[in-house]
Amino acid sequence: MGSRVGVVGAGYVGLTSAACLAHLGHHVVCLDNDEPKVEALRAGTVSIVEPGLPELVREGLAENRLVFTADPAELHECEVVLLCLPTPMGAGGTADLGVLEDALRTLATVLARDCVLVTKSTVPVGTAARIPTIAGLASTPVISNPEFLREGHAVDDFLNPDRVLVGAAEQDREAADRVAALYAGTGAPVLRTDSASAELAKYASNAFLAVKLSFVNTLAELCEQVDADITKVTEAMGMDDRIGPAFLAPGPGWGGSCLPKDTRALLRAAEASGVDFAMVRDALRTNDHQHALVMRKIRRAVTGAVDGSLSGTRIGLLGLTFKAGTGDLRESPAIAIARQLSRHDATVTAYDPCVPESGHLGLDGIQVVDDPYLVAKGAAAIVILTEWPEFRSLDWVKLATHVDRAVIVDTRNLLDEGLLNGTGFTLQSIGKAAGGGHT
């Protein structure tokens, strides 16, 4: 028989956790203060772009194992309550815990005496230890159970995790057992630590991936200077099992809701502790530098000079989300580059399969269209900024008939000259000999 589980927050992590825990046989109450969202979820409508998630939500509703509510009192009978709340980057790069703290004050009035509280949100080291002193929760055990969900793969990552991390104080071992038992249906190994180590492991994992991505972007820049091919270099690297192929693809920079925020938070924590974490600081600098490199590449493709003026030119963008498989625009390098193009007085038209034409992106002067072929109209260059597989299947001959200049700047190395053969396009890739190839 499953546990009675509460999930606070129906955002990306919370909704995935609630739906998956219901699928594993638990009875889940998912709380959110956004009443229209709650009503939509009760009807089985999921706005988050995540493969398999809408189906799991509807399954949980149909089998009466998943309930959505805006009333905190409905968590009263829950044995375990997961905190899945936003902890955005605050002043100086530290995490802003305002939403989390407000929720804790509300929960203190409704949680059962024997309830276990779980921090699934990414929080600064030491948060689990401090929570019992907030809003009269001194007798409530607090367990750290960070999430390791990749957008676009979250359901599979939750149901088939490579590890479940449970951090707890020594006196809370029984509570930690209850949290670990939630994942028994996954068959994943459970790593037990103290809460501080679990909290730090989440930041460290994301920061390490950020360092790896910044490394490969710098390596791609070197490849262009020495006429090497980044795809061959990373293929050779990835075959070494000490390195592995993941996160070795160059691009316009890294983004999303986690890596930028968590990398900055780890750096601030190190600085506050007197630790000089230079490689993390350099990874952040390299990421900002990558945006500038892409802008130089676009200028060179359009004007023939890395500092050429883009004023009055029309640029077509393919992709706005921070990566394929998600509708997430947070900290997207594509958005950063679109804004830079607009600031340099280029006329920008963009298409993304997960961004609606009427989407409110806060991008003054940037037109978002619902047809990928519209980005080519009168364009001096087409720039691929997100690695959506469907972009490979576009009719590039048709696109070539609409552009002003048949130039592609592919910041994701999604295309190749063989694919474009006979289209007339000149392809500029990342990490390959400068100048591209004529196809």
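Hydrogens, waters and symmetry mates are skipped; everything else that's a heavy atom, side chains included, is used.
- In terms of modelled atom types and a separation under 3.5 Å, the side chain of R42 and the main chain of F68 share a donor-acceptor contact.
- With sequence neighbours excluded, the residues satisfying salt bridge (Lys or Arg N to Asp or Glu O under 4.0 Å) with E271 are R268.
- Remark: the backbone N or O of A175 is not paired with any side-chain donor or acceptor of D172 at under 3.5 angstrom.
- Looking at T16, its side chain never comes within 3.5 Å of a backbone N or O of V13 through a donor-acceptor pair.
- For residues 9-34, the pairs satisfying salt bridge (charged side-chain N to carboxylate O under 4.0 Å, His left out) are D32-K37, with sequence neighbours left out.
- Every residue two or more places apart in sequence or in another chain that forms a side chain to side chain contact (heavy atoms under 4.5 Å, CB included) with A210 is listed here: W254, L259, T263.
- Counting heavy atoms from C-beta on, the side chains of N145 and T119 never come closer than 4.5 Å.
- Closest approach of I315 and A346 over heavy atoms only: CG1-CB, 4.1 Å.
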Give the intermediate values and the outcome of side-chain hydrogen bond (donor to acceptor under 3.5 Å, both in side chains) for residues S144 and E199. CA-CA 7 Å; S144 178; E199 290 164 338; 4.6 Å; no
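- A salt bridge (charged side-chain N to carboxylate O under 4.0 Å, His left out) check over residues 122-141, counting only residues at least two apart or in different chains, returns nothing.
- With sequence neighbours left out, the side chain to side chain contact (heavy atoms under 4.5 Å, CB included) criterion links M89 to K261, R264, E331.
- The minimum heavy-atom distance linking I366 with R339 is given by the pair CD1-N, 4.1 Å.
- For E59, the salt bridge (Lys or Arg N to Asp or Glu O under 4.0 Å) partners two or more places apart in sequence, or in a different chain, are R65.
- Checked against salt bridge (Lys or Arg N to Asp or Glu O under 4.0 Å), E170 has the following partners two or more places apart in sequence or in another chain: R173.
- None of E151, R330, E50 except one satisfies the side chain to side chain donor-acceptor pair (under 3.5 Å) rule with Y12; the exception is E50.
- Screening residues 103-114 for salt bridge (charged side-chain N to carboxylate O under 4.0 Å, His left out), with sequence neighbours left out, gives D102-R105.
- A salt bridge is defined here as a Lys NZ or Arg NE, NH1 or NH2 lying under 4.0 Å from an Asp or Glu carboxylate O, and D276 with R281 meets this definition.
- Remark: Y183 engages F158 in a ring pair (Phe, Tyr, Trp, His ring centres under 6.0 Å) (not counting sequence neighbours).
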Identify all side-chain donor-acceptor contacts of residues 159-166 below 3.5 Å with residues at least two apart in sequence or on another chain.
from : atom 1 : to   : atom 2 : distance (Å)
N160 : ND2    : D156 : OD1    : 2.9

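- Under the side chain to side chain contact (heavy atoms under 4.5 Å, CB included) criterion, A73 pairs with D71, not counting sequence neighbours.
- Residue pairs meeting the salt bridge (charged side-chain N to carboxylate O under 4.0 Å, His left out) criterion with at least one member in residues 136-150, sequence neighbours excluded, are E147-K202, R150-D157.
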